[in-house]
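The structure displayed is predicted, hence computed values, not measured ones. All values below were derived from every heavy atom in this structure, side-chain atoms included, with hydrogens, water molecules and symmetry-related copies excluded.
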Amino acid sequence: MRERPEKIRCDACPVMCYIAEGRAGACDRYANEGGRIIRVDPLTILDRRIAKGDEIKPFLNAEWDGSIDSGQDVVVSAIGAGTTYPDYKPAPFIVSREIEGADFVTVVTEAIFSYCGVKVKIDTDRHLGQEAATVRSEGEAIGHVMTGEYGSQMLSLGGVDHLTGGSKAEGRKTCDALLRLCNKEAVDLTIDDGSTVTVQAGQPPIVDGKMEERMRVGCGSATIGMFASQWKGLVDEVVVVDDHITGVVSEHQAGKVIDWPDTGIRIKGHRSTPGRYFKVAEPGLGWGGTDISDPLSILGDWRVAKGARPGLTLLMVSTTGEHSAFYELDDNLTPVPRPMPETLQASVDLIAENCEPARSTVLFMGGAGGSLRSGVTRNPIHLTRSVHAGRTRVTLGGAPAYVWPGGGITVMVDVTELPDGAFGYVPTPALVAPLEFTLERTEYVALGGHIDRVRQLDDVLEKGGEYGAASRIVGTND
Ligand code: SF4
């Protein structure tokens, strides 16, 4: 009978794969090499002295000066480090560093985040979907639309309810979408009763197949304020069409202070304060994030008693300058389209010029306050307190994390600040993210750290760790 190769068990996550010689486990992050479980990706060392994206192997490449002082410029990241799971052992690497003459320790581990997600900011005025509408990836619910911000639509994706609280398919698709978003890949998202949007960290969003180029200069009211004095004398009335606040220069305070004459214009919509109107139309993909393609549809009858007259000129423009039109009132006080005067075109161009490039931003957010803290210290609450007191710095793949106030260690980080491919997953399903804690050696001793496991960087590079000795050095973003 042919002897079957013996499989060995990986215990780096709760899945506990049995892996045959030469094969990888379910997450492709660990493999059986010669009867030993190794981490497939090399341990990543960040070196600020080499250019972003440059990658070298330590000792094998003359470009690296071989310096192994792990000071401020050379940092052991947790990418490729391995995990502490099942959290009974110290973190895979606890590395000594000298920063400005003081002894520091960096504790690195790849953290398994069952409680995690991403917050997505999409720079667009266009209506992507109603607040709280479900967001889907490949048909499965993975999150929802949340409160819009100034010039941007916001999504909240992932979280434990989608990862583990729904069907298997929902969990898998959620994990897959999060992983790709965190690794800076493009992901198509569909919003119930709304749009399809392609999101990629740091890239322009694509809404219903159309690439978004500009983020609005401001709301309609702000745009009036910014440009009122430049329009004076060139046109009799200006309306800045905006789904949130449509502005009318003759009524707006910015017009009043420069003695802009009344025009008798009437806007259909909810008048908030003078020259500022809400709900002039439904939200959509048209002018200024409304559903309109004809801006005249938001105007009512002109009032002669308030200054309307034949020959009165009107500029209508959106908050990005993407849409604009020029009109003149005829004898019946009906606006008739006219060619845009060059002088006014310059002001429309100025609105467009003042817009910033539209981008998608992806922030990874997760709770690092669980059992993985025991990989850092025997008394985990001390780590939480040290983080909140600002004595322990938290980074993900070398990128500084924002730590939420309150309980736990809930972190948020811009994924574009991490090296490429920094995130992984396990099929539980959960995301795996690199996590580093850096603190003074004295603080590490005080909080009950695994001080006997502290190593120098040269020792790490030479001998590796529990999961092998492969390493690489990459340049950082800063
Ligand atoms: S999924 Fe990956 S980390 Fe988890 S046991 Fe399998 S190989 Fe190990």
Flag the pair Arg39 and Glu110 as a salt bridge only when some basic side-chain nitrogen lies within less than 4.0 angstrom of an acidic carboxylate oxygen. yes

Salt-bridge contact Asp123-Arg214 (side-chain N to carboxylate O under 4.0 Å): no

Give a yes or no on whether a salt bridge exists between Arg180 and Glu138, defined as a side-chain N under 4.0 angstrom from a carboxylate O. yes

Pair Arg126 + Glu322: basic N to acidic O under 4.0 Å: yes

Basic-acidic side-chain contact under 4.0 Å: Lys210, Asp208: no

Do Arg136 and Asp192 meet the salt-bridge criterion of a basic N to acidic O distance under 4.0 Å? yes

Ser167 side-chain N/O to Glu170 backbone N/O, donor-acceptor pair under 3.5 Å: yes

How about Thr124 and Glu212: does a side-chain donor come under 3.5 Å of a side-chain acceptor? yes

Establish, from distance only, whether the side-chain atoms of Ser386 and Glu443 form a donor-acceptor pair under 3.5 Å. yes

Tell me, please, which residues at least two apart from Trp302 pass ring pair (Phe, Tyr, Trp, His ring centres under 6.0 Å). none

Charged N-O contact under 4.0 Å between Asp414 and Lys119: no

If I compare all heavy atoms of Gly321 with all of Ile351, which pair ends up nearest, and what's the gap? N-CG2, 3.6 Å

Donor-acceptor pairs are to be reported for all side-chain atoms of residues 418-435 against protein atoms at under 3.5 Å, with residues two or more places apart or in another chain.
residue, atom, partner, partner atom, Å
Asp420, OD1, Lys184, NZ, 2.7
Tyr425, OH, Ala26, O, 3.3
Thr428, OG1, Ala430, N, 3.3

So, Thr319 and Asp125: side-chain donor and acceptor under 3.5 Å apart, yes or no? yes

Does Asp301 have any side-chain contact (heavy atoms from CB on, under 4.5 Å) partners at least two apart in sequence or in another chain, and if so, which? Arg266

Above 12 or not: heavy atoms from other molecules or residues under 6.0 Å from OH of Tyr327? yes

Is it true that Trp287 and Ser293 share a donor-acceptor pair across their side chains at a distance under 3.5 Å? no

Cys219 side chain near Tyr150 side chain, heavy-atom distance below 4.5 Å: yes

Within this structure, what is the CZ-CE distance for the pair Phe364 and Met412, rounded to the nearest 0.5 Å? 11.5 Å

CD (Glu185) and CG (Asn183) are apart, to the nearest 0.5 Å, by 6.0 Å

Would you check if the side chain of Glu436 reaches a backbone N or O of Gly398 as a donor-acceptor pair within less than 3.5 Å? yes

Could you please spell out the steps behind the side chain to side chain contact (heavy atoms under 4.5 Å, CB included) verdict for Val403 and Thr410? CA-CA 6 Å; Val403 180; Thr410 304; over 6 Å; no

Between Asp236 and Thr313, is any side-chain donor less than 3.5 angstrom from a side-chain acceptor? yes

Going by atom types alone, do Thr44 and Arg472 pair a side-chain donor with an acceptor below 3.5 Å? yes

Does a side chain donor of either Arg276 or Ser221 reach within less than 3.5 Å of an acceptor in the other side chain? yes

